[in-house]
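Convention: sequence-line order gives letters A, B, ...; per-chain numbering from 1. A quick note: this is a predicted structure, and the numbers were derived from the prediction, not measured. Side chains included, hydrogens not; waters and symmetry mates left out as well; all remaining heavy atoms used.
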Amino acid sequence: MRTSLQEHRSPSHRGPAPWLRCLIVTAGCLLLAAPAAATELLLVSDVPAMDGKQVQRPMWAPGAKPRLVHEMTDRDRSTLLRVVDVAGGSFTDQIIPGARSSRLEAMGAGAERADHGAAWWDETSFFFVRAVGGDQKLFYFDGVPREVPGLPGRVVEVATDPGRGVLFASIEDEAGFDLHRLSGQGFTETRRRLTRTSTEVESAMNVDAAGAVHFVRIAAKSTKLGQAATDALEASSHAANTALRDYEILRITPLADGTTLLYVRAPAGAPEADSTYLLLEVTGAAVKVLANGVYLPPGMPPAPAVSAAGRYVYFINNDAKSGNPVVRYDRTSGTALDLKLSTRGHQEVAVGEYPVEGGMQAWIAVVSVGDDRGQDVRNHLYVGTLAD
Amino acid sequence: MRPSWLMLLVLPLLGCPKGGETDTSGATRSTCYRDIQGDLQTIRKRLEKGRPVEARLYVEGLAECPEALGSIEYHLLDSGIAEELGDLNGAWAAALRGMLLAGNAADAEASAFFKAAVARFHADYVWLARGAGTEPPAIRYAGAVVDDETLRQLEDIAEGRSVRSESGEAGYWVYPGRYRIQGVVVALSAGQAHRLDPPTGGSP
């Protein structure tokens, strides 16, 4: 693993980021803490309903009890959502039905659907996108799937700001892919189109603690960071950080302290291009490489996983020989720790925190290749608690 | 207008349900003039094509025909359509009527079907027992996205249109979700039962 704590201020040149080359060469401050004993995790995807299906995109819920939702995809690419509740050493689960009518569900309604892009609203409910045929609609699940009516096109992605009663949705209509803010009764009262970009796509949304939505604006040959404050009439994208302009920005996690964590792809031909994916910390014009050689799964990667207070960042080191270890980076001390999980072949990592007596307990979920008996090579889901 | 155009306008109307025509001159003899088997087939086809709203018109038309009410298939279709339209209490009542008929007719296949439907209700929806209160309980939806079906279910409760469980308990079926009941928000999950007792005192 290659990790650097050095900062780089916005360079005045344009090119394949030689600043990053310096960072890698002078990565003398890399600290990798001594590995602890292997952390045992609970396999929660070895159930009959998941036969032949792969796990992806686990996302922990807010609230008091460990709960997550994840996607499960079969070879026909139909995708279902499954909620898992963990208590003690066991778990319960529920697959989000294709219809509200149990009669229709029993008849196999919506079997060809692709439910994806879940975004938690509160501890028991979330929004998600349901694709059937060529259509994509926004749904809310609080026990039954309820469609959010009257949206003006194909919903591509959704992000939530439950504290303010706001949804952000990336919607494709005749004017292109644009970002919309939805609020009010049933999310039909107030709708605002925040972008009007016919040749660009707004994607990878994430909402910060102040209610601003952050996103990636994707053009044919570039990506930019975009942002809209909670009451903004329109979104802005900023290319002020020239250190980022050569990189393909993939996903964003905005932190409460104003810092943004990014997964980016190194450009072809750059010295670091062999490591492909990097984890960056951006504060204003300052860019710090937290890690390069990060593993990201195919398709839309998850946003960087971070603890609630923003101190710890979790990522997967792209090192197949070591089983793609999961690493926890401490932003306070600048140290990185291999979590030494009992699983191998990690594909995705998600973290959540739940109250216990005297504080909060960190929970981890990893998508990992294979079950715990070595009987198959599907992507399985494991969960467990993390020691401090 | 040429006659052919007139025919085009009139013919579809002839196929629409128009309600049972009952001759009230005879107390015991049914004079429902509907083609019950034909209507049942129409209902079945509408349902198969995912058009329950249209299918329900025919169900309502047949509801005035005693012969239809004695048909197991009628209750089977009535229950399925009502459930699809979110009228859970109507669907439940129809399923119980169908189960009774199937039992009386010793129709094992139909009995098994209705038993499975009843079991699905218990597994997939929420049973709100009416409890000891005489007044309708204060209940409203507290989730983020409400729909017409949920509002109709809550209207049933507000107006006291309860149904009986297999054990004879009065209550209501609603979708799982977040509800504000007597001032308290509760998340009711599939398969759960909740008793709508009046508040025990104090302000909600």
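Taking both residues in full, the closest heavy atoms of B:Ala144 and A:Phe127 are given as CB-CZ, 4.0 Å, listed atom of the first, atom of the second, then distance. For A:Arg146 against B:Pro176, the heavy-atom pair with the smallest separation is NH2-O, 3.0 Å.
Between the CD atom of B:Glu84 and the OG atom of A:Ser101 there is a distance of 5.0 Å, given to the nearest 0.5 Å.
With a 4.5 angstrom heavy-atom cutoff, B:Phe113 does not touch chain A via any of its atoms. B:Ile81 does not touch chain A: none of its heavy atoms, backbone or side chain, sits under 4.5 Å away.
Counting non-hydrogen atoms of neighbouring residues, nucleotides and ligands closer than 6.0 angstrom, the CD atom of B:Glu166 exceeds 12 such neighbours. Within 6.0 Å of the CZ atom in B:Arg140, the count of heavy atoms belonging to other residues, nucleotides or ligands does not exceed 12. When the shell of 6.0 Å around CD of A:Glu112 is examined, it contains 12 or fewer heavy atoms from other residues, nucleotides or ligands. More than 12 heavy atoms of other shown residues, nucleotides or ligands fall within 6.0 angstrom of atom CD in B:Glu155.
Checking side-chain atoms of B:Tyr175 against main-chain N and O of A:Arg100 turns up no donor-acceptor pair under 3.5 Å.
Under the 3.5 Å distance criterion, with hydrogens and angles disregarded, a donor-acceptor pair is assigned to the side chains of A:Asp142 and B:Tyr141. Side-chain contact of A:Ser125 with B:Arg178: a donor-acceptor pair under 3.5 Å is absent, judged by distance alone.
Between chain B and the options A:Ala99, A:Pro149, A:Gly143, A:Pro162, heavy-atom pairs under 4.5 Å are most frequent for A:Gly143. The candidate from B:Gly86, B:Ser189, B:Gly80 with the greatest count of non-hydrogen atom pairs under 4.5 Å with chain A is B:Gly80.
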